Amino acid sequence: MRMQILGRLGFAVVAAAALGVWLASSAMAESRQIPIGGTGVAQTGEFTPSDGAVTQDEFPTGEESDEGPDPYDGTISFSTGAGGGPSMTSGKKAKSNPTFKFGFQGLNFYQQRYARGGNQFSVEPPDQGMCVGNGYVVEAVNDVFNVYSAATGASVLPDNTATNIVSGFPRNVNHAIDLNSFYGYAPAINRSTGVRGPFVTDPSCLYDAQTQRFFVVVLTLEVNPTSGAFTTVNRLDIAVSQTSNPTGGWNIYGVDVTNDGTNTGGVNPGPYLGDYPHIGADANGFYITTNAYPWCCNGFSGAQIYAFSKAQLAAGAASVTMQHIDTSGMVNAPSDAGSTQPGFTLWPAQSPGTSQFNLANNGTEYLLSSNAADEAQKPVSGAAGTRTSNQVIAWTLTNTASLNAATPAVGISNRIVIVGQYGVPPKQQQPGSGMLADKNTTPDVAQGDCINDTTTQLFNGQFGCWRLLFVAEPAHTEVISRPDSNDTRMQQVMYANGKVWGALDTALNPDGGPQRAGIAWYIVNPDAGSIVKSGYLGATGYDFTYPAIGVTASGRGVMAFTATGNTLNPSAAYAPIDASAGVGAWNVVNGGTGAARDDGFTSYRAQVGGNPPRTRWGDYGAAAVDGNSVWIASEYIGGACDYTNWGGPFFAGGTGDNLLGTCGGASHGPGTRAALGNWSTRISKLTP
């Protein structure tokens with residue numbers, strides 16, 4: 001889940017770096033004891049089999065409908081020759097030279113929709129949580145979860161196909177379970193009664209080699225069981241494996257975040273939504289950050305930091321110490337926004353292995369954020385900013401060992417770091433973007449073709465595929481979409497080899513040409529508050545979005561992202577990164593080339609409104625370090641399905657699955673997609 005205010009981003013640039021230091025005083029921090037809430041196991045909970053209906057209750061109430069921020073209207077150029085690359089080069093030999101080991105398709109839209117007997121919603125975009133350790137790969141995406149062998153890529157959860165009945169037939173979802181089951185909740189929706197369960201979203205995953213535990217965190221929103229409307233009560237659910245085996249038992253802790261935010265002069269009153277949670281760890285603490293938005297109105301209430309004793313969580317303590325810090329008003333002068341500027345999307349660092357933690361100052365954790373967003377500059381303003389900045393913020397938490405005490409006293413400070421200009425990117429382009437969806441010329445966007453179709457004869461003798469999706473006839477003007485790019489918020493952060501590594505999405509003008517979506521990356525000396533190396537990654541005719549960086553203890557790294565282009569379907573890509581040569585040449589991972597264009601329901605006005613609609617993509621990718629290898633995960637389109645097979649027996653004379661749009665064939669799956677979406681995730685292992 002991701003929210004924006006005003007639909008635009010901006011920041012007024014300042015010229016000099018400065019340091020602000022605070023103790024976690026009672027004015028902005030509090031300590032709580034978080035009791036264990038229960039235990040769980042990775043298996044499907046009870047459910048009533050679904051009849052597979054497509055047109056009833058397909059979307060959870062309250063799906064985001066904002067149009068997203070406008071792109072930066074300036075030019076950000078770099079000159080590195082054909083194909084693009086880093087904007088700053090030193091001529092040094094690259095340390096990182098990734099070798100592809102193997103990869104496999106992870107969770108996908110079909111598994112998302114038909115886990116737990118089909119008592120799930122159609123959801124976009126896929127929020128990518130992935131972590132690796134002890135021979136296992138754990139993946140959580142939106143509302144589904146799986147565990148794979150790190151040696152083979154095969155799921156190691158029990159095969160649940162025989163009992164996963166949807167519309168009268170067992171459905172193979174590759175052993176995946178729904179996250180509502182994982183956390184012990186009722187199904188997202190009971191399709192026999194219409195009763196809704198809690199809405200679970202924004203999963204993140206971390207394997208901590210020091211404690212040999214897996215951590216999975218989600219944001220859980222309570223809903224009215226009858227209407228599905230949000231009650232405003234929301235919490236962070238933290239699952240911690242009881243051993244180093246994620247297929248066994250888990251301990252679950254819940255942190256209510258409903259009232260965590262800042263009422264800015266009565267403008268941003270609670271209750272609040274703890275949006276976009278992300279996680280990190282140092283030697284002592286486990287950290288979650290959120291963006292707090294008021295439920296009542298258009299505004300922003302500051303990034304929140306939740307710091308826990310990692311040892312207590314790993315031990316399954318009956319009660320765990322937590323310190324909560326509200327960053328509102330904490331970004332240092334001489335920022336133009338001064339004390340009114342809150343932190344926004346603070347991403348806490350992860351570290352590889354057990355030797356990379358900073359033990360100075362009684363334990364140190366690092367975070368990065370950016371400040372080109374309205375949330376960072378104008379949290380209560382009705383006016384948008386410039387949607388650009390030349391700063392990132394380096395945050396430091398100290399005295400983290402105090403988290404093991406009854407009354408922790410974590411200190412917090414930050415530095416403004418001057419970087420190259422970045423700004424909100426334009427939407428991505430995929431082959432044919434803007435072309436009318438037509439079953440004869442664009443058969444791989446079957447949902448769009450169906451909405452536009454008025455002539456196909458159906459199984460019941462009627463004409464017009466649109467009747468399979470709608471009661472009232474829609475306009476037949478849907479086009480091939482331009483998938484959403486991220487805004488300028490910071491993405492996954494690592495602390496490795498004495499440096500902090502991060503990246504974000506930005507507008508770029510590769511080779512001085514038209515504006516495209518690209519990546520700005522940073523390697524930061526956190527103690528000096530200065531850049532070791534930074535630059536951009538972009539290429540003429542391509543868009544790169546949602547970067548995630550993994551770095552080994554020796555400083556060899558890989559950056560994952562989605563690549564799309566004028567002639568490239570959405571694909572899983574990567575580039576090497578190190579502190580000597582920066583970012584090197586990019587490639588699509590083996591097996592990660594997109595098989596078709598994006599055809600999700602958020603692409604179409606008839607489904608979600610908007611002119612144009614906001615085609616949701618990504619939200620975030622993932623990277624994880626396991627020894628000398630870096631595992632990466634990104635969204636891509638993993639399978640192709642043409643219009644005829646999408647319709648199957650719902651078209652006159654057609655054959656195949658009795659679920660619309662799965663392309664599952666007469667054997668009833670597994671399908672390559674579902675009726676309203678075709679996203680997949682790709683997991684790859686590389687050794688840099």
Side-chain angles (χ1 to χ4, degrees), residues 34-49 106-107 111-112 114-120 129-150 152-165 170-190 197-208 211-220 235-255 279 286 308 310 312-320:
I34 306 300
I36 192 169
T39 60
V41 67
Q43 65 184 29
T44 302
E46 295 182 353
F47 66 91
T48 302
L107 293 162
Q111 295 163 10
Q112 156 70 45
Y114 293 116
R116 202 168 186 172
N119 291 283
Q120 292 270 92
M130 185 271 298
C131 55
V132 183
N134 194 37
Y136 298 100
V137 179
V138 175
E139 185 184 27
V141 177
N142 288 126
D143 295 329
V144 276
F145 175 92
N146 214 332
V147 181
Y148 310 97
S149 164
T152 67
S155 175
V156 295
L157 293 183
D159 188 348
N160 53 14
T161 303
T163 57
N164 193 50
I165 307 298
R171 305 290 171 172
N172 182 355
V173 293
N174 193 28
H175 312 184
I177 67 169
D178 63 302
L179 280 174
N180 279 49
S181 287
F182 182 68
Y183 284 98
Y185 295 129
I189 181 170
N190 182 321
F199 179 66
V200 178
T201 187
D202 283 0
S204 293
C205 183
L206 169 69
Y207 176 74
D208 181 67
T211 59
Q212 299 183 47
R213 295 292 185 269
F214 290 87
F215 297 78
V216 177
V217 173
V218 296
L219 172 64
T220 300
R235 63 184 162 275
L236 301 173
D237 279 331
I238 308 162
V240 186
S241 64
Q242 295 173 352
T243 69
S244 59
N245 184 346
T247 67
W250 295 70
N251 297 318
I252 299 174
Y253 298 84
V255 180
I279 59 181
F286 176 75
F308 303 80
K310 186 173 70 174
Q312 292 172 10
L313 285 171
S319 183
V320 173

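Numbers here are sequence positions counted from 1. Predicted model, so just to flag it, every value in this text is computed and none were measured.
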Side-chain touch [X]/[Y], heavy atoms, less than 4.5 angstrom:
{"X": "Ser181", "Y": "Thr44", "result": "yes"}
{"X": "Val216", "Y": "Trp250", "result": "yes"}
{"X": "Ile165", "Y": "Arg171", "result": "no"}

Checklist entry - For Gln242 and Val240, what are the C-alpha separation, side-chain angles and deciding distance, and is it a side chain to side chain contact (heavy atoms under 4.5 Å, CB included)? => result CA-CA 6 Å; Gln242 295 173 352; Val240 186; over 6 Å; no
Starting at [atom1] of [X], measure out to [atom2] of [Y] and round the result to the nearest 0.5 Å.
{"X": "Ile279", "Y": "Phe215", "atom1": "CD1", "atom2": "CZ", "value": "8.5 Å"}
{"X": "Asp178", "Y": "Gln111", "atom1": "CG", "atom2": "CD", "value": "12.5 Å"}
{"X": "Gln212", "Y": "Ser241", "atom1": "CD", "atom2": "OG", "value": "9.5 Å"}
{"X": "Gln120", "Y": "Phe47", "atom1": "CD", "atom2": "CZ", "value": "11.0 Å"}
{"X": "Ser244", "Y": "Arg213", "atom1": "OG", "atom2": "CZ", "value": "7.0 Å"}
{"X": "Tyr183", "Y": "Asp143", "atom1": "OH", "atom2": "CG", "value": "11.0 Å"}

Checklist outcome for this item: When Ile177, Ile252, Val41, Val144 are each screened for side chain to side chain contact (heavy atoms under 4.5 Å, CB included) with Phe182, the one that passes is Ile177
Checklist entry - Under the side-chain hydrogen bond (donor to acceptor under 3.5 Å, both in side chains) criterion, do Thr243 and Asn245 qualify, and how do the steps go? => result CA-CA 5 Å; Thr243 69; Asn245 184 346; 5.5 Å; no
Next on the checklist: Set out, in order, the CA-CA distance, both residues' side-chain angles and the distance that settles side chain to side chain contact (heavy atoms under 4.5 Å, CB included) for Leu219 and Val200, then state yes or no.
Outcome noted: CA-CA 6 Å; Leu219 172 64; Val200 178; over 6 Å; no
Looking only at heavy atoms, what is the nearest atom pair of [X] and [Y], with distance?
{"X": "Pro203", "Y": "Ala140", "answer": "CG-O, 3.5 Å"}
{"X": "Phe145", "Y": "Val138", "answer": "CE1-CG1, 3.6 Å"}
{"X": "Gln112", "Y": "Asn142", "answer": "OE1-CB, 3.3 Å"}
{"X": "Ala42", "Y": "Pro158", "answer": "O-CD, 4.5 Å"}
{"X": "Ala115", "Y": "Asn164", "answer": "C-OD1, 3.9 Å"}

Checklist entry - Can you check whether Tyr136 and Tyr148 have ring centres sitting under 6.0 Å from each other? => result no
Ignoring hydrogens and angles, tell me if any N or O in the side chain of [X] forms a donor-acceptor pair with the backbone of [Y] under 3.5 Å.
{"X": "Arg116", "Y": "Glu46", "value": "yes"}
{"X": "Thr161", "Y": "Asn172", "value": "no"}
{"X": "Asn251", "Y": "Ile36", "value": "no"}
{"X": "Asn160", "Y": "Ala176", "value": "yes"}
{"X": "Asp159", "Y": "His175", "value": "no"}
{"X": "Asn146", "Y": "Leu157", "value": "no"}

Item to check | Aromatic plane relationship, Tyr207 with Phe214 - under 30° parallel, 30 to 60° tilted, over 60° perpendicular | outcome: tilted
Next on the checklist: Would you call the rings of Phe286 and Phe308 parallel, tilted or perpendicular, taking 30° and 60° as the class edges?
Outcome noted: tilted
Checklist entry - Run the side chain to side chain contact (heavy atoms under 4.5 Å, CB included) check on Val147 and Val137 step by step: do they pass? => result CA-CA 6 Å; Val147 181; Val137 179; over 6 Å; no
Next on the checklist: Please tell me whether Tyr185 and Asp237 have a donor and an acceptor in their side chains that are separated by less than 3.5 angstrom.
Outcome noted: yes
Item to check | Worked verdict on Cys205 versus Glu139 for side chain to side chain contact (heavy atoms under 4.5 Å, CB included) | outcome: CA-CA 7 Å; Cys205 183; Glu139 185 184 27; over 6 Å; no
